[in-house]
Novice: 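Starting off with a structure, shown below.
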2 protein chains.
Amino acid sequence: MTLRSVAIIGLGLLGGSIGLAVREFLPGVATTGYDRDGATRARAAERGLVGQVCASAAEAVREADLVIFCVPVGAMGEAAREVVGSLKPGVIVSDVGSSKQTVARELAEALPGAAIIPAHPVAGTENSGPDAGFAALFRNRWCIITPPDDCSPLQLTALVQFWEALGANVELMSAQHHDLVLAVTSHLPHLIAYTIVGTASDLEEVTQGEVIKYSAGGFRDFTRIAASDPTMWRDVFLSNKEAVLEMLQRFTEDLTALQRAIRVGDGQQLFDHFTRTRAIRRGIIEQGQDDARPDFGRSDHIS
Amino acid sequence: MTLRSVAIIGLGLLGGSIGLAVREFLPGVATTGYDRDGATRARAAERGLVGQVCASAAEAVREADLVIFCVPVGAMGEAAREVVGSLKPGVIVSDVGSSKQTVARELAEALPGAAIIPAHPVAGTENSGPDAGFAALFRNRWCIITPPDDCSPLQLTALVQFWEALGANVELMSAQHHDLVLAVTSHLPHLIAYTIVGTASDLEEVTQGEVIKYSAGGFRDFTRIAASDPTMWRDVFLSNKEAVLEMLQRFTEDLTALQRAIRVGDGQQLFDHFTRTRAIRRGIIEQGQDDARPDFGRSDHIS
């Protein structure tokens with residue numbers, strides 16, 4: 001099947017980036033969009049994030065062959081209910097949420113009978129809102145699609161090719177496995193970053209000014225992801241609760257073991273652990289998922 | 001007093017960067033250097049990290065007005081003992097260690113009667129060794145100096161001006177306060193990064209390949225600092241044990257509170273916490289301690 005028109009519900013970082021990427025890489029495909037926030041709709045129209053910004057979600061989806069919900073995972077069900085009765089026959093309903101089991105269930109409940117194929121482009125920045133998006137966000141990033149068992153192969157292929165056209169590398173897996181993988185590669189890191197930034201800002205002996213001043217010693221790397229959208233992340237933790245708590249349990253055990261090594265002065269255990277973790281960094285650099293320049297090249301341009 | 005000659009003991013990332021920075025910003029100052037590793041000495045000579053690479057630490061310090069120990073904090077005492085009897089009268093002895101109370105004590109024990117003024121440039125990258133250094137490493141970074149109570153004002157001023165000439169902003173504080181500030185801005189972040197990278201590589205349900213593949217979701221930000229030099233960091237945790245364990249305790253309490261909020265589904269607490277942490281990020285950007293471009297500008301150049 002050929003996609004002629006894509007509707008984007010939610011015009012923040014992800015929705016806006018999809019719109020801009022379609023304009024750049026799929027110029028023959030029409031885009032419509034909606035956001036429940038009026039100021040976001042106005043800004044989306046100014047930036048041209050989609051071809052047509054609509055006054056309702058129902059209007060936005062009317063002609064679409066593909067509808068992508070780009071709202072926080074906790075708002076998926078509500079957003080989907082707004083388009084009940086307005087979808088074209090044969091439409092593909094998808095999303096970009098960071099947890100997949102809960103979202104798949106909520107979309108299915110809101111839109112019984114619709115062809116739902118959840119997706120998650122593993123891409124983003126710490127910025128949010130209609131000004132944050134850019135067309136290259138998905139380039140060389142992975143997009144995980146979690147097709148249900150009864151998925152139409154034609155529709156699945158159309159969605160895979162859509163994401164590939166936007167520059168992403170597509171991987172298929174079950175929603176359950178997705179939620180476990182993302183719990184460790186994304187959700188747990190965000191939770192820990194949010195925690196340590198909070199811990200640092202609550203100290204009495206060290207001022208917040210000092211924390212900021214000396215952040216180049218390591219702390220600042222955590223602040224980037226702890227500046228991510230609070231609504232989005234609240235929803236992610238609540239919707240992927242089980243996997244996040246499971247990973248957190250393991251992390252806490254490992255941290256306790258290192259804490260004990262420090263307390264008893266076991267330098268060998270610390271050294272062995274710190275040596276082992278270098279290999280993962282090398283893998284990430286080799287596979288092009290991060291910048292190999294020291295300090296991400298920060299030293300080149302911070303003045 | 002005027003510094004005419006600086007000796008650098010240890011020619012890795014920090015020592016090498018000091019040598020290169022002196023050559024660039026203080027061309028009238030001579031540099032000598034020593035590293036106990038022969039291959040590092042050879043490479044240091046090839047790169048011209050110092051004007052003269054010496055065959056022993058004693059030889060390197062002989063003419064120096066300022067001696068800077070740039071070895072892991074656990075090796076400071078041993079390195080200092082190698083120059084006993086070779087120091088010029090009136091020499092300033094300093095270092096670049098990430099913990100200051102222990103280092104000050106060990107240098108004083110090894111070199112009784114010497115004028116010891118510990119320092120810590122809060123700068124670095126994840127790379128180490130004689131190829132890692134560059135002259136601009138200290139530009140717009142803080143250098144914390146922790147002068148003892150009986151410090152000579154003339155010597156202190158000379159050391160302050162030395163670091164300022166290399167591009168750093170100098171701040172004075174007590175060694176005790178330094179160790180607390182760095183425990184939260186640097187040591188705890190490194191310990192947590194090392195932990196989570198270890199946790200992720202030990203999972204059975206998620207492969208290491210998957211962790212690497214989907215690291216752009218947040219995990220990769222932790223891997224950079226978890227790739228730092230294992231020897232250096234083993235020593236830091238052991239030498240600043242008390243402050244690190246204290247900060248770790250607070251972090252664990254905060255993490256437990258967020259864990260509980262997830263378990264009971266307290267979205268409001270999560271949202272409030274995640275909103276609060278954004279302010280610190282803004283402060284870091286405003287004070288030029290990090291790159292404001294989304295994703296550190298990674299999206300510009302990763303292809």
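Naming: A, B, ... by sequence-line order, numbering from 1 per chain. No hydrogens, no waters, no symmetry mates; every other heavy atom, side chains included, goes into these values. The shown structure was predicted, so the numbers you read here are calculated from the model rather than taken from an experiment.
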Novice: Quick check on A:Leu248 against chain B: is it the side chain, the backbone, both or neither that has a heavy atom closer than 4.5 Å?
Specialist: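 A:Leu248 touches chain B through side-chain heavy atoms alone.
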Novice: Distance from A:Arg220 atom CZ to B:Ile285 atom CD1, nearest 0.5 Å?
Specialist: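 Going from the CZ atom of A:Arg220 to the CD1 atom of B:Ile285 covers 9.5 Å.
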Novice: Measure across B:Arg281 and A:Arg224 and return the closest heavy-atom pair with its distance rounded to 0.1 Å.
Specialist: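 So the two residues come closest at NH1-N, 3.6 Å.
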Novice: Hey, can you tell me if A:His273 and B:Tyr194 have their rings parallel, tilted or perpendicular (30° and 60° cut-offs)?
Specialist: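 A:His273 vs B:Tyr194 ring planes: perpendicular.
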Novice: Could you check which of A:Gly167, A:Gly265, A:Pro230, A:Ser186 has the highest count of heavy-atom pairs closer than 4.5 Å to chain B?
Specialist: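 Answer, by heavy-atom pair count under 4.5 Å with chain B: A:Pro230.
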Novice: Between A:Ile284 and chain B, with a heavy-atom cut-off of 4.5 Å, which part of the residue counts as in contact: side chain, backbone, both or neither?
Specialist: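 Both the backbone and the side chain of A:Ile284 come within 4.5 Å of chain B.
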Novice: Can you tell me which of A:His190, A:Gln259, A:Glu253 forms the most heavy-atom pairs within a distance under 4.5 Å of chain B?
Specialist: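 Greatest number of close heavy-atom pairs with chain B: A:Gln259.
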Novice: Side chain from CB out, backbone as N, CA, C, O: work out which of these in B:Ile192 comes under 4.5 Å of a heavy atom of chain A, or both, or neither.
Specialist: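 Both backbone and side chain.
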Novice: Sort out for me which of B:Thr277, B:Ile144, B:Val197 touches chain A most, counting heavy-atom pairs under 4.5 Å.
Specialist: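 The residue among B:Thr277, B:Ile144, B:Val197 with the greatest pair count is B:Thr277.
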Novice: So which part of B:Ala123 gets closer than 4.5 Å to some heavy atom of chain A, the side chain, the backbone, both or neither?
Specialist: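 Neither the backbone nor the side chain of B:Ala123 comes within 4.5 Å of chain A.
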Novice: Given heavy-atom pairs under 4.5 angstrom as the criterion, report whether the side chain, backbone, both or neither of A:Gln208 touches chain B.
Specialist: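 Contact with chain B is through the side chain of A:Gln208 alone.
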Novice: B:Leu203 versus chain A, heavy atoms under 4.5 Å apart: side chain, backbone, both or neither?
Specialist: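 For B:Leu203, heavy atoms of backbone and side chain both lie under 4.5 Å from chain A.
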Novice: Between A:Trp233 and B:Leu270, is there a side-chain heavy-atom distance shorter than 4.5 Å?
Specialist: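 Side chain of B:Leu270 against side chain of A:Trp233, heavy atoms only: no contact under 4.5 Å found.
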Novice: Near B:Glu242 CD, under 6.0 Å, is it more than 12 heavy atoms from other residues, nucleotides or ligands?
Specialist: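 Open: at most 12 neighbouring heavy atoms sit under 6.0 Å from CD of B:Glu242.
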Novice: Pick whichever of A:Arg234, A:Arg278, A:Glu210 has the most heavy-atom pairs under 4.5 Å with chain B.
Specialist: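 So the answer, after comparing A:Arg234, A:Arg278, A:Glu210, is A:Arg278.
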Novice: Can you tell me which of B:Ile196, B:Val184, B:Asp202, B:Leu191 forms the most heavy-atom pairs within a distance under 4.5 Å of chain A?
Specialist: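 The option with the most such pairs is B:Ile196.
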Novice: Go through B:Asn169, B:Thr231, B:Asp235 and name the one with the most non-hydrogen pairs under 4.5 angstrom from chain A.
Specialist: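 Most heavy-atom pairs under 4.5 Å with chain A: B:Thr231.
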Novice: At a heavy-atom distance under 4.5 Å, which candidate from A:Leu258, A:Thr199, A:Thr275 has the highest pair count against chain B?
Specialist: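 Of the options given, most contacts go to A:Thr199.
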Novice: In this structure, which one of B:Ile280, B:Ile225, B:Leu188 forms a side chain to side chain contact (heavy atoms under 4.5 Å, CB included) with A:Phe219?
Specialist: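 It is B:Ile280, the one option of B:Ile280, B:Ile225, B:Leu188 that forms the side chain to side chain contact (heavy atoms under 4.5 Å, CB included) with A:Phe219.
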Novice: Quick one: what part of A:Ile262 sits under 4.5 Å from any heavy atom of chain B, side chain, backbone, both or neither?
Specialist: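 For A:Ile262, heavy atoms of backbone and side chain both lie under 4.5 Å from chain B.
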Novice: Under 4.5 Å from any heavy atom of chain B, what part of A:Thr207 do you find: side chain, backbone, both or neither?
Specialist: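 Neither; nothing under 4.5 Å.
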Novice: Could you tell me which non-hydrogen atom of A:Tyr214 sits nearest to which non-hydrogen atom of B:Met173, and how far apart they are?
Specialist: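 Looks like OH-CE, 3.6 Å.
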Novice: Please state whether the side chain, the backbone, both or neither of A:Arg282 comes within less than 4.5 Å of a heavy atom of chain B.
Specialist: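 When you check distances to chain B, no heavy atom of A:Arg282 falls under 4.5 Å.
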Novice: What's the spacing between B:Lys213 NZ and A:Glu171 CD if we round to 0.5 Å?
Specialist: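 One finds 3.0 Å between NZ of B:Lys213 and CD of A:Glu171.
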Novice: Pick one of side chain, backbone, both or neither for B:Phe222, based on which atoms fall under 4.5 Å of a heavy atom in chain A.
Specialist: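 Looking at B:Phe222, just its side chain touches chain A.
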Novice: Under 4.5 Å, counting heavy-atom pairs only, tell me which of A:Thr256, A:Leu238, A:Asp266 racks up the most with chain B.
Specialist: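 The answer is A:Leu238.
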Novice: Residue by residue, which of residues 174-182 of chain B have a heavy atom closer than 4.5 Å to a heavy atom belonging to chain A?
Specialist: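 B:His177, B:Leu180, B:Val181 fall under the 4.5 Å cut-off.
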Novice: For residues B:Phe251 and A:Leu255, determine if any side-chain heavy atom of one lies less than 4.5 Å from a side-chain heavy atom of the other.
Specialist: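 Yes - at least one pair of side-chain heavy atoms lies under 4.5 Å apart.
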Novice: Measure the shortest side-chain to side-chain distance between A:Arg263 and B:Lys241 over non-hydrogen atoms and say whether it is less than 4.5 angstrom.
Specialist: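 SC-SC contact between A:Arg263 and B:Lys241 ruled out.
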Novice: Taking every heavy-atom pair that is under 4.5 Å apart, which of A:Thr223, A:Thr185, A:Val244 has the most such pairs with chain B?
Specialist: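 Ranked by contacts with chain B, first place is A:Thr185.
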Novice: Checking A:Gln287 against chain B: side chain, backbone, both or neither under 4.5 Å from a heavy atom?
Specialist: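 When you check distances to chain B, only side chain atoms of A:Gln287 fall under 4.5 Å.
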Novice: Which one of B:Ala257, B:Ser98, B:Gly209, B:Ser215 has the most heavy-atom pairs closer than 4.5 Å to chain A?
Specialist: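 Ranked by heavy-atom pairs under 4.5 Å with chain A, first place is B:Ser215.
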Novice: Is it the side chain or the backbone of A:Arg276 that comes within 4.5 Å of chain B heavy atoms, both, or neither?
Specialist: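 Side chain only.
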Novice: Out of B:Ser228, B:Ala261, B:Ala183, B:Ala200, return the one with the most heavy atom pairs under 4.5 angstrom to chain A.
Specialist: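 With the most close heavy-atom pairs to chain A, the winner is B:Ser228.
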Novice: With respect to chain A, which residue among B:Gly218, B:Ala193, B:Pro189 yields the maximal number of heavy-atom pairs within a distance under 4.5 Å?
Specialist: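 Answer, by heavy-atom pair count under 4.5 Å with chain A: B:Pro189.
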